[in-house]
Amino acid sequence: MSRLASQADGEPEAIFRVDGLTKVYGEGESAVHALRGVDLVARQGAMIVLLGPSGSGKSTLLNILGGLDHASAGHVWFHGNDVTAFGDDALTEYRRRSVGFVFQFYNLVASLTARENVSLITEISDNPMDPAEALALVGLEARLDHFPAQLSGGEQQRVAIARAIAKRPEVLLCDEPTGALDSQTGTRVLAALDTVNREFGTTTFIITHNAVIADMADEVLLFGDGRITGQRHNQVRAAPLGLSW
Amino acid sequence: MSFLRSTLTVKLMRDFWRLRSQAVAIALVIAAGVGTMVMAVGLIGSMSATRDTYYDQYRFADMFAPLVRAPETLMAKIRMLPGVAAADSRITTRATLDLPLVMEPVTARVHSLPAASPSALNRLVLRAGRYPNPRHPEEVVANEAFVRAAGLPLGARMKAVLYGKQVDLRLVGAVLSPEYVYALAPGQIFPDNRRSAVLWMDREPLAAALNLNQAFNDVVIRLSPGEGGKEVERRLDILLAPYGGAGAYPRAQQISDRFVTNEIDQLTTMATLMPPIFLLVAAFLLNIVLSRLVDTEREVIGLLKAFGFPVRAIMLHYIVLAILLSLGGLALGIALGAWLGRGMAGIYQNFFTFPFLRFRIDATAYLVALAATLVPVMLGAATAVWRAARLAPADAMRPEAPADYSGVAVTRLAAALGPDEPSRIIIRGLLRRPIRSVLAILGLAAATMLYVASMSPNGSMDRMIDLGFSRADRSDLAVAFAEPRDAHAFHELERIPGILNVQPFRTVGARIRSRHHEVRDGLVGVEQRGDLSRVVDIEGRTSEAPPVGVMLSGRTARILDVGVGDLVEALVTEGERPALRMRVTAILDSPFGGAATLDRAILNQAMREGDVLSGAYLQVDKAALPQVYARLKASPMIAGVTAREATLRTIGETIEENFSIQTYFYTGLAMLVVVGVIYNSARISLSERARDLASLRVLGFRRGEVAFILLGEQAVLVLVSLPFGIWAGIELWRFLIGQFNTELFTIPFFVDPRVPAQGVLVVAIAAAATAFLVRRRVDRLDLVRALKTRE
């Protein structure tokens, strides 16, 4: 079992525990094994980077952790609750309360301003931040009333991060958050994620193809063919603004 | 190239298959348009052809000239008149019949039989039995509708009072006549076939009864081809004036023909008014579906162009798709139209007694349907096809820039109106595509309009009947005398046991003129402060005949182009035939009112007659009704009796039989439009928003919250459309009411408040059902794909 950033004495700080997670798409000869038995334990507040080629199972794992997809076998325990046993409604509530998502293509609502895109989520949350505060956290205090069409890609992604963290989720799941951005813009987005992780202790998973990004993580999981093929613990996390690719 | 072309064809078929559910929604709307059109065009063609053939085969007269009495020798002169192709004299009178199965006295019009020659005019169609034998003077034939309604077997004997004489008649045949396609008795608005009859008997006994041996009191005329008739009418009036001519009138003023023609005119209105509504809605739906398709296929279009496909082929691709999307509607519409047409023809054949009425759709109707379908196809496809044609390959292969919502007005309005972000998404979505939103609102409003306009006639008719039979006419019976009578007749009626109250009236045949305008309708002399029959206007206010001068109906005043204070001339066509000059002192629209109403005393005075009446309204003790009927049936002075209650019953039955079906019909049509608009509009919106909505689901929005954004948009469209729809429906009904009104009745403009409420309900139900269908798709949004795809 991969023990990610867990203390040696195994104190109950694990936010996720994953046991023998398997995901198969399709049946018979055309079956695709996206995950072939993944085990891991994620410590609360960790910054975890999932690294690996396309089709290695990173996104499938993230989707199941985030309650977007069902596992074929195995379990995901979130604070001791079996997420894999949740029905659709429970999964929705789980996403609503505990999980923040950041997408590769931002997925902002074009008809809402930056502030409104964030309010969209804070309106349905129990203990949200002020939308302006969330946007200030990602350095967009001057762009509150701009529409997505008036923002650059990096700015849009930072709005998406503000939207994801404004409800104070315990987990932030980011699927290729810099995939559509250039190096300079990308590092600013990563810096925003780093800030959130440090200031709020939000457990953060980042999927990437980009090995450089792994330097900013506490833990790095290497994926290949539906399995975790390796893992690495960084004693010192690199500052995102110092990264380049 | 042919391979590529066929690959494009494969794409075409797959696109079509993918859009099938939207195609169904569009097809339903097109089918409604094509269906109503095919039905109306088919019925217009069938009715016109039937009418023309019937009139022609049975030599229906072009002109009619009633008179008091003229010697048969005069016919030679009439036949000599230029423009007259054929002329027949006949004897026409009224009678009351006493039938065992009908409690009320039956009012009958009696004509002498047309000659047995094929050149005779107004020939009859023998449907059962035989014609009277000249050696049996008591034998008669009657109109088939009456024979059926009164349940008379052939050979039945009837007691009749014919011109004041008691006679026994025997029914030997049932016939149809082109003169009575719509057999309306005087004072009726719908045929009451149980209580009113048309009889034909041999001329000799009729002449004997009316003292018209070697004489006649009615002429029917066929005009030479191409003859307009005005001049014939003028000469005929001069020729017949010494013989008590009541004024010749053309077929266009003959009551039965007027109703048939009026019905065809109404169908024409329907054929021109209804289908365009559906077809324009269909055009809008095709437009949004194709526009969305072109949007999603930008890259494909760019690719095809980059590969060297000619613009023409791409345009053709989408045009053919548009045609495919509408073909189902065309086919369904033709089938629907044929089915409805056949059903309507059945109703018409009951309502109008044609010997035959075959509903057939001729080539014209098919061509019209085809053209009518091509209109929405072209209108709907035009902008989408044009956009596809204009896309530069390089542009097309780049994804479309994100929609810009930064317009100041849109931003502020939405921020002001929307209480929360989902509402702002809805409002900005609607405001960003103002044309599409407005068209969707218009489409939905059309549905409400259709419902309100087509369901309002019932309320207006009810109101007309209420005004006519509860407020204006409060009598139990109305009797008409065979000839005007003096006050003795009044007292005679008063003395009949069971008659509680008598209110006399005087009617005089006249032509009312002002300059070159003329109305042929009688003068009605009424009692001041009469209680049984009152003057009631279209708003339900009671009024009185003016103490001086004459009160015209609004319709008459409009035709004569006169106002209060103007003089009109009434050329009386009976008695001394005086020409009366009268001042218009009031103009009043009443539901069943005559053209010109005045105080009976004034009319008597103008006619230089004493206290003369033409009939009376009676209030009868219900318990004594059978005895009263028996007395009236036997009374030689009475030529017609109408029972208010029986008339009301007939009207109720006629409306029930003929109009209840339309309720379902128009409810169905309105629902089709709503389903078509909501379904397509929501599907397009879903397609545009799928990624947004899925993202929101990923971010923790519940299904209902996401559905609210999509369906809330449709709900706003529906809500905004409702007031417009109700308003337009009311205005459309106001316009249509003008088409329905005749000189016999004026339908009051009235919209039962329940009708708009029901319209809202119908639209809401259709919208909710459609929303439910679309909602299921929202529930099945693919969340994982939202993470990975870019718009």
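These numbers come from a predicted model, not from an experiment. All chains are named by letter (A, B, ...) in the order of the sequence lines, taking the proteins before the strands, and each is independently numbered beginning at 1.
Annotation: B:R780, atom CZ; neighbour count of heavy atoms from other residues, nucleotides and ligands within 6.0 Å is above 12. Annotation: B:W386, atom CH2; neighbour count of heavy atoms from other residues, nucleotides and ligands within 6.0 Å does not exceed 12. Within a 6.0 Å radius of CZ in B:F772, no more than 12 heavy atoms belonging to other residues, nucleotides or ligands are found. In A:F86, the CZ atom is crowded: over 12 heavy atoms of neighbouring residues, nucleotides or ligands sit closer than 6.0 Å. Within a 6.0 Å radius of CZ in B:R436, other residues, nucleotides and ligands contribute more than 12 heavy atoms.
Proximity of a side-chain donor or acceptor of A:R95 to a complementary backbone N or O of B:R697 within less than 3.5 Å is detected.
Comparing A:D88, A:L91, A:T92 by how many heavy-atom pairs each has under 4.5 Å with chain B, the most go to A:T92.
The salt bridge (Lys or Arg N to Asp or Glu O under 4.0 Å) analysis of residues 53-73 of chain A, with sequence neighbours excluded, yields the pairs A:K23-A:D69.
The shortest non-hydrogen separation linking A:F105 to B:R691 is O-NH2, 3.1 Å. The nearest pair of heavy atoms linking A:L112 to B:R424 is CD2-CB, 3.8 Å. The heavy-atom pair separating A:L108 from B:D692 by the smallest distance is O-OD1, 3.6 Å.
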Quick one: do A:D89 and B:R702 satisfy salt bridge (charged side-chain N to carboxylate O under 4.0 Å, His left out)? Show the steps, please. CA-CA 8 Å; A:D89 290 341; B:R702 299 185 185 118; over 6 Å; no
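Of all residues in residues 117-139 of chain A, those placing a non-hydrogen atom less than 4.5 angstrom from a non-hydrogen atom of chain B are A:S119, A:L120, A:I121, A:E123, A:I124.
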